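Have a look at the structure below, then the notes.
Please read these numbers as outputs of a predicted model, since none were measured by experiment.
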Amino acid sequence: MVLSAPLSMQENSLEKNLSYTYGIFNSIFIHQAYRPEFEGKTIYFEVSKTVNGITYPYPEKLMHIVSLEEKREHTILPCNNDVASISCSNQCEFAKAHILFVPLQRNECLYRMARIHWIPEIIDLANKKDPRVDVWVEKKKNKHNKFVEKTYIRFREGIIDYLIILAHRKRRGVLTNYIFDSAFPVFLNRSKKQYSQKYESYIRTLQTN
């Protein structure tokens, strides 16, 4: 497998697993000195722990990417057939979420946590134009009704399907750097099809221009 193995969540508490995960991710991505660039441009990662008056034990952005929003589409656990399903205490039910994640209205997710180190690995593969990585750009309005552009980096091989989203930061219409937006395993069939369609549509647009 081109990506490294998932992290082993063997500690007997979420706090210890979070600390373990943070230590690894900080050394390969959060820490600016070791964070990879994408296509020669830096990637900004928000390290603030305080958001909307709430202070988290780790950067809020990290808390977000190691957790999962409760959705009705989760008729089958994302971690089904994965060791994470054995240790998971919330089973994708927000009512059982750990108190650290309640303010985010999300469930802690060992499945996502164990794969967080794939982010810099996939970015590196994207820079190398690896055929297993699809890259496309989307432009749409944000909550402030302003158009924003985001780059989507999707790695697929075998049962692995992982997506990274980078927002564009521009100055006078010119891309200056990226802002890390999100990253997560893609497991819903509907989402897989939608992302594939968006990539194919983007490629067709490039070919006709």
Side-chain angles (χ1 to χ4, degrees), residues 1-11 14 16-49 51 56-68 78-79 82-84 104 106 108-138 148-170 175-187 191-192 195 198-199 202:
M1 185 172 70
V2 65
L3 299 180
S4 57
L7 301 178
S8 180
M9 301 288 121
Q10 296 182 341
E11 300 294 346
L14 175 67
K16 290 181 179 180
N17 281 321
L18 267 175
S19 177
Y20 166 68
T21 303
Y22 173 74
I24 292 175
F25 196 57
N26 182 58
S27 66
I28 61 174
F29 197 81
I30 295 179
H31 196 295
Q32 189 173 2
Y34 306 106
R35 192 181 311 150
E37 295 183 342
F38 177 60
E39 295 187 339
K41 290 182 170 56
T42 59
I43 301 171
Y44 172 79
F45 187 89
E46 178 57 66
V47 296
S48 175
K49 297 180 181 180
V51 177
Y56 299 92
Y58 301 100
E60 187 270 347
K61 182 60 68 175
L62 173 74
M63 300 287 286
H64 184 93
I65 57 179
V66 299
S67 60
L68 184 67
C79 59
D82 185 85
V83 66
L104 287 171
R106 297 171 68 85
E108 69 275 12
C109 181
L110 296 177
Y111 184 76
R112 291 179 65 149
M113 197 179 300
R115 289 155 176 79
I116 195 172
H117 61 302
W118 285 353
I119 294 172
E121 295 180 14
I122 292 173
I123 291 174
D124 181 59
L125 290 171
N127 283 325
K128 294 176 180 177
K129 310 299 181 184
D130 190 284
R132 289 162 289 200
V133 182
D134 293 337
V135 178
W136 72 96
V137 177
E138 292 185 22
V148 295
E149 287 185 331
K150 294 183 180 182
T151 289
Y152 290 72
I153 304 171
R154 183 186 183 192
F155 175 89
R156 285 184 293 172
E157 183 182 44
I159 63 173
I160 300 174
D161 194 335
Y162 198 92
L163 184 70
I164 301 168
I165 306 174
L166 305 177
H168 293 196
R169 175 178 282 166
K170 291 187 174 183
L175 177 64
T176 57
N177 67 284
Y178 296 97
I179 303 171
F180 180 87
D181 188 63
S182 189
F184 48 86
V186 182
F187 49 82
S191 297
K192 291 176 180 289
Y195 288 131
K198 289 179 179 180
Y199 171 70
Y202 176 74

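- Ring planes of F25 and F45: perpendicular class, angle over 60° (limits at 30 and 60°).
- Although no hydrogens or angles enter the test, the distance criterion places no donor-acceptor pair under 3.5 Å between the side chain of E149 and the main chain of V137.
- Between Y162 and W118, the ring planes are perpendicular. Angles over 60° get that label, and only those under 30° would be called parallel.
- Shown are Y44, Y152, F38; of these, the ring-ring contact (aromatic ring centres under 6.0 Å, His included) with Y178 is made only by F38.
- Contact record, S4 with E121: OG-OE2, 2.5 Å, taken as the closest heavy-atom pair.
- Using a 4.5 Å heavy-atom cutoff, the side chains of L3 and I122 are in contact.
- Side-chain atoms of R112 do not come within 3.5 Å of backbone N or O of V66 as any donor-acceptor pair.
- Counting only N and O atoms by type, the side chains of S48 and E60 include no donor and acceptor under 3.5 Å apart.
- Going from atom CG of L110 over to atom CG of L68 covers 11.5 Å, rounded to the nearest 0.5 Å.
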Report task. Please test F155 against D134 for side-chain contact (heavy atoms from CB on, under 4.5 Å), starting from the C-alpha separation and ending with a verdict. Result -> CA-CA 7 Å; F155 175 89; D134 293 337; over 6 Å; no
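- Between the CG atom in N127 and the CD1 atom in I153 there is a gap of 7.5 Å [rounded to 0.5 Å].
- Under the 4.5 Å side-chain criterion, counting only non-hydrogen atoms from C-beta, L166 is not in contact with K150.
- Distance check, rounded to the nearest 0.5 Å: CZ of R169 to OG1 of T42 gives 8.0 Å.
- Residues F184 and I65 have side chains not in contact (no heavy-atom distance under 4.5 Å, counting atoms from C-beta outward).
- Of the listed residues (I30, I165, I164, I123), just one forms a side chain to side chain contact (heavy atoms under 4.5 Å, CB included) with F180, and that residue is I164.
- Salt-bridge annotation for R132 and D130: present, with a side-chain N of the basic residue lying under 4.0 Å from a carboxylate O of the acidic one.
- With rounding to the nearest 0.5 angstrom, the OH atom of Y22 is 10.0 Å from the OG atom of S27.
- Taking a 6.0 Å sphere around CD of Q32, one finds it holds 12 or fewer heavy atoms contributed by other residues, nucleotides or ligands.
- In this structure, the side chain of R154 does not engage the main chain of V135 through any donor-acceptor pair within 3.5 Å.
- A pairwise comparison of heavy atoms in V186 and K192 identifies O-NZ, 3.1 Å as the closest pair.
- Judged purely by atom type and a 3.5 angstrom limit, H64 has no side-chain atom pairing as donor or acceptor with the backbone of P59.
- Side-chain contact check for I116 versus I24: every heavy-atom pair is 4.5 Å or farther apart.
- Rounding to the nearest 0.5 angstrom, the gap separating the CE atom in M113 from the CE atom in M9 is 6.5 Å.
- When all heavy atoms of P57 and K49 are compared, the closest pair comes out as O-NZ, 3.6 Å.
- In this structure, L104 and M63 approach most closely via the heavy-atom pair CD1-CB, 3.6 Å.
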Requested in this report: Quick one: do I119 and I28 satisfy side-chain contact (heavy atoms from CB on, under 4.5 Å)? Show the steps, please.
Outcome: CA-CA 9 Å; I119 294 172; I28 61 174; over 6 Å; no
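- In this structure, Y20 and S8 approach most closely via the heavy-atom pair CE2-O, 3.5 Å.
- We find the NZ-CD1 distance between K61 and I179 to be 9.5 Å, quoted to the nearest 0.5 Å.
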Query raised in the report: Would T176 and K41 count as a side-chain contact (heavy atoms from CB on, under 4.5 Å) if you check the C-alpha gap in whole Å, the side-chain angles of each, and the deciding distance to 0.1 Å?
Result: CA-CA 7 Å; T176 57; K41 290 182 170 56; over 6 Å; no
